[in-house]
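Written out below as structure tokens is the structure these notes cover.
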Amino acid sequence: MSRSILVTGGAGYIGSHTVLQLLLGGYKAVVVDKLDNSSEIAIKRVQELAGEHGSNLTFHEIDLRDKPALEKLFASEKFEAVIHVAGLKAVGESVKKPLLYYDNNLIGMIVLLEVMAAHGCKKLVFSSSATVYGWPKVVPCTEESPISATNPYGRTKSDSTWKIILLRYFNPVGAHPSGHIGEDPRGIPNNLIPFIQQVAVGRRPALTVYGTDYKTTDGTGVRDYIHVVDLADGHIAALKKLADPSVGCEVYNLGSGKGTSVLEMVAAFEKASGKKIPLVMADRRPGDAEIVYAETEKAERELNWKAKYGIQEFCRDQWNWASKNPYGYEPQAP
Ligand code: NAD
Ligand code: WQD
């Protein structure tokens, strides 16, 4: 009998790729998503891509804060573990609407943990972020590097019956190589690659490069980009690790361990797409760090997981998704 995993936010960018890898790995996946920044079309495409495993995916349009709905779901099915990916993630919007973010992300998490505990499901993989490292004084960032945002989730560690893995994602990019699922942000993209993609398909005139005077090889910011399929596989590795009796609450970086500058990324995308990306050089974006990349040794050693794909594959797959779906899951310009 296949083991059932609940994936919150499973219709979104990272969630949809993770659900596909789960299905292909022989798991049953149950997705809860309120379709806030995503489309049910992603779920249908994941089902298609999973072939004979597609029937092992079920979808429920539920807001995590809707406790009775979540209770009903847990009463109807036993979950081996939960992969909690649901969340609002636009940094700029969170500054403008902090209460919306606290309400959605924190209350959603609390309700989820309460319902899990009530139903005896105490294994959790949670999407954390390299953003917790802020502007690191030393790179690469290890899991022990100082964090500039405290993480209340880790406090559940005090209850030793819980098993929790916090995955600190670096910068997820790319798309499934089929080009059928990928990132489809609503509104103006905040992140570099979705913005480049929209310039390449003609939706925006130019990329604004934020900062050309950083102490890096070409003056632009350096990040650790990781292919979303590698990232999805990292969740399967984490699930397997949850079976280890020694796990209480563990943190793992999921990155490639390599730093890439904005201009290097632009050049690689131009090569993969054959499109020229016009640039507008601008000041630094407030709050941005200079160089951030991961130490990946802990995940390699303890999760037996390592990123397989590099910059050429990110750009190839991103362009494949973009050229097949210039308006994301919408058939045409809204
Ligand atoms: P995404 O917006 O594509 O997916 C998030 C999904 O969660 C969406 O489908 C949305 O509808 C759903 N959701 C949000 N609030 C919900 C709620 N209350 N109830 C039910 N569903 C809800 O984002 P993503 O890029 O896939 O990111 C997934 C997670 O990873 C987020 O928690 C984000 O903070 C974290 N993360 C993302 C990045 C990144 O750069 N993409 C980096 C680090 C961490
Ligand atoms: C990458 C580089 C920019 C856009 C953000 C969040 C973080 C995490 C991942 C969720 C930087 C430059 C960008 C543009 C540019 N998300 N850039 N022009 O800043 O590393 O992290 O996403 O947890 O919380 O803060 O990613 O893709 O926004 O930027 O020049 O239009 O590209 O300055 O150097 P970042 P990013």
Side-chain angles (χ1 to χ4, degrees), residues 7-18 31-40 42-43 60-66 69-70 83-92 94 100-101 103-109 111-112 126-135 149 166-173 181-186 188-196 198-199 204 206-212 214 216 219-226 228 231-232 235 254-255 259-266 277 279-293 328:
V7 185
T8 72
Y13 175 45
I14 295 165
S16 56
H17 288 82
T18 300
V31 169
V32 163
D33 199 301
K34 68 172 175 146
L35 301 179
D36 184 83
N37 191 36
S38 50
S39 160
E40 201 173 344
I43 297 285
H60 301 268
E61 189 175 342
I62 292 176
D63 187 317
L64 277 182
R65 294 164 298 178
D66 182 350
L70 212 54
I83 299 181
H84 178 37
V85 184
L88 299 178
K89 61 159 189 180
V91 176
S94 77
L100 172 74
Y101 273 66
D103 185 0
N104 192 76
N105 293 358
L106 293 181
I107 306 293
M109 177 87 173
V111 169
L112 175 67
F126 173 62
S127 321
S128 182
S129 168
T131 200
V132 301
Y133 297 122
W135 181 317
L166 308 176
L167 297 176
R168 289 191 185 144
Y169 309 157
F170 280 68
N171 292 55
V173 289
I181 53 172
E183 186 167 16
D184 179 20
R186 302 241 164 114
I188 302 169
N190 299 295
N191 298 115
L192 178 65
I193 297 298
F195 205 103
I196 294 179
Q198 293 198 3
V199 175
R204 302 195 185 272
L207 171 76
T208 304
V209 176
Y210 296 129
T212 52
Y214 286 114
T216 59
T220 63
V222 166
R223 295 291 183 274
D224 183 332
Y225 297 94
I226 170 152
V228 67
L231 193 78
H235 292 74
L254 293 187
T260 303
S261 75
V262 174
L263 293 182
E264 283 167 343
M265 200 49 129
V266 170
I277 307 295
L279 303 178
V280 174
M281 300 307 191
D283 290 344
R284 296 178 181 194
R285 188 172 63 175
D288 267 1
E290 186 164 73
I291 304 177
V292 187
Y293 61 93

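Numbering of ligands and ligand atoms starts at 1, following listing order.
In this structure the side chain of His235 reaches within 4.5 angstrom of the side chain of Ile14, judged on heavy atoms. Side-chain contact between Ile226 and Tyr169: absent, with no pair of heavy atoms (C-beta onward) separated by less than 4.5 Å.
Contact annotation for Pro185 and ligand 1: no heavy atom of the residue comes within less than 4.0 Å of the ligand. Only side-chain heavy atoms of Val262 come within less than 4.0 Å of ligand 2; its backbone N, CA, C and O stay farther off. If you look at Val292 next to ligand 2, there are no close heavy atoms at all, none under 4.0 Å. Neither the backbone nor the side chain of Ile193 has a heavy atom within less than 4.0 Å of ligand 2. The part of Leu35 lying near ligand 1 is the backbone, judged by heavy-atom distances below 4.0 Å. At a heavy-atom cutoff of 4.0 Å, ligand 1 is contacted by both the backbone and the side chain of Ala86.
Among protein heavy atoms, the minimum distance from atom 11 (C) of ligand 2 is reached at Arg223 NH2, 3.7 Å. Here the heavy atom of the protein found nearest to atom 40 (O) of ligand 1 is Pro172 CD, 3.3 Å. The protein heavy atom nearest to atom 12 (C) of ligand 1 is Asp33 OD1, 3.4 Å. Nearest protein heavy-atom neighbour of atom 26 (O) of ligand 2: Asn171 ND2, 3.1 Å. Summary of contacts: the protein heavy atom closest to atom 41 (N) of ligand 1 is Lys89 NZ, 3.5 Å. Atom 30 (O) of ligand 2 has Tyr210 N, 2.9 Å as its closest protein atom, hydrogens excluded (heavy atom only). In this structure, atom 18 (N) of ligand 1 lies nearest to the protein heavy atom Asn104 OD1, 2.9 Å. Considering only non-hydrogen protein atoms, atom 4 (O) of ligand 1 sits nearest to Gly12 CA, 3.5 Å. Looking only at heavy atoms of the protein, atom 2 (O) of ligand 1 is closest to Asn37 ND2, 2.8 Å. Given atom 14 (C) of ligand 1, the protein heavy atom at minimum distance is Gly87 N, 3.4 Å. Scanning the protein heavy atoms around atom 6 (C) of ligand 2, the nearest turns out to be Val91 CG2, 3.9 Å. At the top of the distance list for atom 21 (N) of ligand 1, counting protein heavy atoms only, stands Lys34 N, 3.1 Å.
Between Asp36 and ligand 1, a contact under 3.5 Å exists for at least one N or O pair. At a 3.5 angstrom cut-off on N or O pairs, Leu88 does not count as close to ligand 1. Considering backbone and side-chain atoms alike, Val85 places an N or O below 3.5 Å from some N or O of ligand 1. Ligand 2 has a nitrogen or oxygen under 3.5 angstrom from a nitrogen or oxygen of Leu192. Remark: ligand 2 and Lys89 share no N or O pair separated by less than 3.5 Å (distance only, no angle test). On a distance-only criterion, Ile14 and ligand 1 share at least one N/O pair closer than 3.5 Å. Taking any N or O of Tyr13, backbone or side chain, at least one lies under 3.5 Å from an N or O belonging to ligand 1.
At distances below 3.5 Å, not a single donor-acceptor pair connects side-chain atoms of Tyr133 with backbone N or O atoms of Tyr293.
Put simply, no part of Ala130 is less than 4.0 Å from ligand 1, judged by heavy atoms. The shortest heavy-atom distance from Asp63 to ligand 1 is under 4.0 Å. Residue contacts with ligand 1 include Ile62, since one or more of its heavy atoms lies under 4.0 Å from the ligand.
Under a 4.0 Å criterion applied to the non-hydrogen atoms of Leu64, ligand 1 contributes the atoms 17 (C), 18 (N), 19 (N), 20 (C). Short contacts between ligand 1 and Ser128, defined as distances under 4.0 Å to a heavy atom of the residue, involve ligand atoms 43 (C), 44 (C). Listed by atom number, the atoms of ligand 2 under 4.0 Å from Tyr225 heavy atoms are 1 (C), 2 (C). For ligand 2, the atoms closer than 4.0 angstrom to any heavy atom of Asn190 are 4 (C), 28 (O). Interface of Ser38 with ligand 1, defined as ligand atoms under 4.0 Å from a residue heavy atom, comprises 8 (C), 9 (O), 11 (O). For ligand 1 and Ser129, the ligand atoms under 4.0 Å from any heavy atom of the residue are 43 (C), 44 (C). Counting the atoms of ligand 2 from 1 in the order shown, those under 4.0 Å from a heavy atom of Val209 are 30 (O). Each of the atoms 3 (C), 11 (C), 19 (O), 33 (O) of ligand 2 lies under 4.0 Å from some heavy atom of Asp288. Each of the following atoms of ligand 1 lies closer than 4.0 Å to a heavy atom of Ser127: 29 (C), 30 (O), 35 (C).
Of the listed options Ser129, Ala282, Gly221, Ser129 places a heavy atom closest to atom 23 (O) of ligand 2. Relative to atom 19 (O) of ligand 2, the option among Met265, Arg285, Arg204 with the closest non-hydrogen atom is Arg285. Counting only non-hydrogen atoms, the option in Asn191, Val173, Thr208, Leu279 that gets closest to atom 36 (P) of ligand 2 is Asn191.
A 6.0 Å sphere centred on CG of Asp288 holds more than 12 heavy atoms belonging to other residues, nucleotides or ligands.
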